There are 2 protein chains.
Amino acid sequence: MPTSDEAGRRDAADPLATLREYFRLPADTVYLDGNSLGALAAHIPERLSRVLTREWGDTLIGAWTEHDWWSAPLRVGDRVGRLIGASPGQVTVGESTSVQLFNALAGAARLRPGRDVILTDTGHFPTDRYLADSVARLLGMRVIAVPAAAAATAVAQWSGQVAVVALPAVDYRTGELWDVAATTAAAHAAGAVTVWDLCHAAGAVPLALDDDEVDIAVGCTYKYLGGGPGAPAFVYLARRHHDGYDPPLTGWHGHAAPFAMEPEFRPADGISRTRIGTPHVLSLLALDSALDVFDKADLAEVRAKSLALGDFFLDCVADLVSEDGFEVVTPRAHRRRGSQVALRHPAAYEMITALLERNVIGDMRPPDLLRFGFNALYVSFRDVYRAAGELRDIVRSGCYRDERFAVRRLIT
Amino acid sequence: MPTSDEAGRRDAADPLATLREYFRLPADTVYLDGNSLGALAAHIPERLSRVLTREWGDTLIGAWTEHDWWSAPLRVGDRVGRLIGASPGQVTVGESTSVQLFNALAGAARLRPGRDVILTDTGHFPTDRYLADSVARLLGMRVIAVPAAAAATAVAQWSGQVAVVALPAVDYRTGELWDVAATTAAAHAAGAVTVWDLCHAAGAVPLALDDDEVDIAVGCTYKYLGGGPGAPAFVYLARRHHDGYDPPLTGWHGHAAPFAMEPEFRPADGISRTRIGTPHVLSLLALDSALDVFDKADLAEVRAKSLALGDFFLDCVADLVSEDGFEVVTPRAHRRRGSQVALRHPAAYEMITALLERNVIGDMRPPDLLRFGFNALYVSFRDVYRAAGELRDIVRSGCYRDERFAVRRLIT
């Protein structure tokens, strides 16, 4: 069992320890839910204040050119691109993740006319499932869901019928990291294109979309990327698909000449084709600021520390697993693990709520998973030690059985 | 010809004159482009700063409940609803206007299965046209475009075939206000449903969506409503359609039980069904603050002043129209006019650019329209007098012919 001293020694040796200073975090709180909503980088309010007063207030409509709001979806897109292994000109930022998923799934399907299957993951995040169903209905296709682990086999089995393979890079519940390169290769061997959901991967795990020959990817930016509540999503479209991409959300910002006000849609060249409507500038520029932190961090170091935090957590809760009915559902192997660790216990909800009362913030996913995210930018080994200790105390004392912890809140 | 004194007298008698104090506007600038991007209400930066630090920073994921971000799309939707004649529970705010138009057009079409025509306006804003085309392609429909003035006749002509009548309430170029009530009645007589685009109407002209029995409406919030660059759009869905509405963007925020993580989409009851993805909280709450100004203003007074400003402008430029080749394309009649006045002149671009150099901000729409928006919340009669005077000087001096005014900028 690790000791408090060991946690302290790990923190003292942590090359990323100083990054925490860039964040505003409440005192005396352990935040292990950065996989739902990342923490606030402390410099964002000053930037937003400037955007509001100097840009919007003082420059008014002229800010679209003078402060280049117009190009922000491309400029911020390239910044996200650097974190996911995309060379410039293949990523834009805008709209919500749900909207981008819809557009990407339909756009992907149209790259493979004559095929009628969208292959997806039985464990995929709900909105991905709902939107795949919706796209299938619109385009006369069908959705086949298999466990992500079986996707490579399944796409070979339905070879010739599968247009799109739509999978998460990291499972939102178990935290399992899937093999993007191998599954993409299997999809290509069967003539399909891939739509990867990177919500739980971008900014947390190493991604090499160009090298892996990924076709399309979508991700949110308010988890590991720290863009703030409802920060706009990103979409990656490999350069080789730019000319043929024909998605249904033909908003004017994706037009070749948006201000010519032409009566028919004529898609822009290059990645601008993935733009849809007017970008949510305030949310978008908050994200732009949030990404500054990544300029100070080596993503390989971030990944290494995150895995070390997860390992340390698993060591700290080993006794709960062996003695108290917890099951570790996240793979221990680094190559199969994202940046969170999920434990299974029938009283997951009550325990997470009891932890919250002790200023340890994790979250849960029904029916029985406790999720703990280890964002290496601001989580310390002492944080992890404390979280495990509080969980142990809650379990051993039985206090989580108090009825006040059973009251369901909306967001968990 | 009105005099400077008359402008001053009008301002002195203006019951809304004090509202200008609520806005941060650059000194010595006449802003007549609030119909593209409304001015900044001066209290928004403080609110956003609080959202960033106290809500996001200090409360983290818990802010979704503690600060009720979750309900913000409904709460802000009801605030917009009060300005467009919608009783509570029929409006949500979120996503971009383009996205909402797509969803609304497809959702509307599905309310009328077996009909294959989307009837729209030849002069509609481009994104409306593009998305109608896209929806028609997906649903096996066709788009018929007629001038908005002919829509009521056309829907009768194609009665039985028209599923959706999609029109603007105010023409974005000419500023003409269409008859929402009469056209909606004509659409209903032919068995069609209406999708009104309120971008250039909401917050500026009297709307009575409930009384007019409008079916669906979409609008942006960054023009007259002042929500800021790329502020989220709103969607109105009449209560009688709540149960049958079946739009394609089935994001998890529109699910009956978003956190149950069910594998199939089950639409929420009521207006929540129009929700799509995670709301862009920062942009959404900036809009929430912007709407505070409307709590201090009587919309009928706002409308009356805006028309008076437009009349005053037309009086001030009467000599340009009679002597210098300008044509007024906006109807003079109040019942046919929105909140902007558009003039036609072949050198529109150069003149608007020359005005900009004199701190008079209007805009233009190709090929030859000068647009001047009269937002009664912060535009004064002296502003209008000055704008007309500068325009006269630019025209009479011929200075607009200088080549520096011909350089095309991205946003005009």
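Source: prediction; values computed, not measured. So that the names make sense, note that chain A is the first sequence line, chain B the second, and so on, each numbered from 1.
- Pairing each heavy atom of B/Gly230 with each of A/Thr278, the nearest pair is CA-CG2, 3.9 Å.
- Looking only at side-chain heavy atoms (C-beta outward), B/Arg137 and A/Asp246 come within less than 4.5 Å of each other.
- Ranked by heavy-atom pairs shorter than 4.5 Å toward chain A, the options B/Asp133, B/Leu139, B/Thr250, B/Leu284 are led by B/Thr250.
- For the set B/Gly57, B/Gly34, B/Pro258, the entry with the most heavy-atom pairs within less than 4.5 Å of chain A is B/Gly57.
- Using a 4.5 Å cut-off between heavy atoms, B/Ile361 contacts chain A through its side chain alone, with no backbone atom that close.
- Of all the heavy atoms in A/Pro263 and B/Arg129, the pair that sits closest is O-CB, 3.8 Å.
- Looking at every heavy atom in both residues, B/Phe259 comes nearest to A/Arg365 through CD2-NH1, 4.3 Å.
- A pairwise comparison of heavy atoms in A/Arg24 and B/Thr53 identifies NE-O, 3.5 Å as the closest pair.
- Proximity to chain B is absent for every atom of A/His124, based on heavy atoms less than 4.5 angstrom apart.
- Residue B/Gly277 comes nearest to A/Ser98 through the heavy atom pair CA-OG, 3.6 Å, listed as atom of the first residue, atom of the second, then distance.
- When each of A/Phe125, A/Phe102, A/Tyr172, A/Trp56 is scored by its heavy-atom pairs under 4.5 Å with chain B, the top score falls to A/Trp56.
- For the set B/Tyr31, B/Phe23, B/Trp69, the count of heavy-atom pairs under 4.5 angstrom toward chain A peaks at B/Tyr31.
- Under the side chain to side chain contact (heavy atoms under 4.5 Å, CB included) rule, B/Leu60 has a single partner from A/Leu40, A/Leu25, A/Asp33, which is A/Leu25.
- With sequence neighbours excluded, the residues that form a side chain to side chain contact (heavy atoms under 4.5 Å, CB included) with B/Ala260 are B/Ala257, B/Glu262.
- Proximity of a side-chain donor or acceptor of A/Thr127 to a complementary backbone N or O of B/Trp252 within less than 3.5 Å is detected.
- Proximity to chain B at a heavy-atom threshold of 4.5 Å picks out A/Ile44, A/Pro45, A/Leu48 from residues 42-49 of chain A, in numerical order.
- Proximity of a side-chain donor or acceptor of A/Ser134 to a complementary backbone N or O of B/Pro248 within less than 3.5 Å is detected.
- Counting heavy-atom pairs closer than 4.5 Å to chain A, the top residue among B/Tyr222, B/Phe265, B/Tyr130 is B/Tyr130.
- With a threshold of 4.5 angstrom between heavy atoms, A/Arg266 does not approach chain B through any atom at all.
- Residues meeting the side chain to side chain contact (heavy atoms under 4.5 Å, CB included) test with B/Asp368, sequence neighbours left out: B/Arg344.
- Chain B forms the most heavy-atom pairs under 4.5 Å with one residue out of A/Pro232, A/Ala286, A/Ala231, A/Gly140, and that residue is A/Pro232.
- Between chain A and the options B/Gly251, B/Pro126, B/Pro229, the largest number of non-hydrogen pairs under 4.5 Å is found for B/Pro229.
- For A/Ala39, the parts lying under 4.5 angstrom from a heavy atom of chain B are both the backbone and the side chain.
- Partners of A/Asp383 according to the side chain to side chain contact (heavy atoms under 4.5 Å, CB included) rule, which considers only residues two or more places apart in sequence or in another chain, are A/Arg20, A/Val30, A/Val379, A/Ser380.
- Interface remark: A/Leu249 contributes backbone and side-chain atoms alike to the contact with chain B (heavy atom separation under 4.5 Å).
- Counting heavy-atom pairs under 4.5 Å between each of A/Thr122, A/Ile276, A/Thr29, A/Val99 and chain B puts A/Val99 at the top.
- In this structure, the portion of B/His255 lying under 4.5 Å from any heavy atom of chain A is its side chain and not its backbone.
- More than 12 heavy atoms of other residues, nucleotides or ligands sit less than 6.0 Å from atom OH of B/Tyr245.
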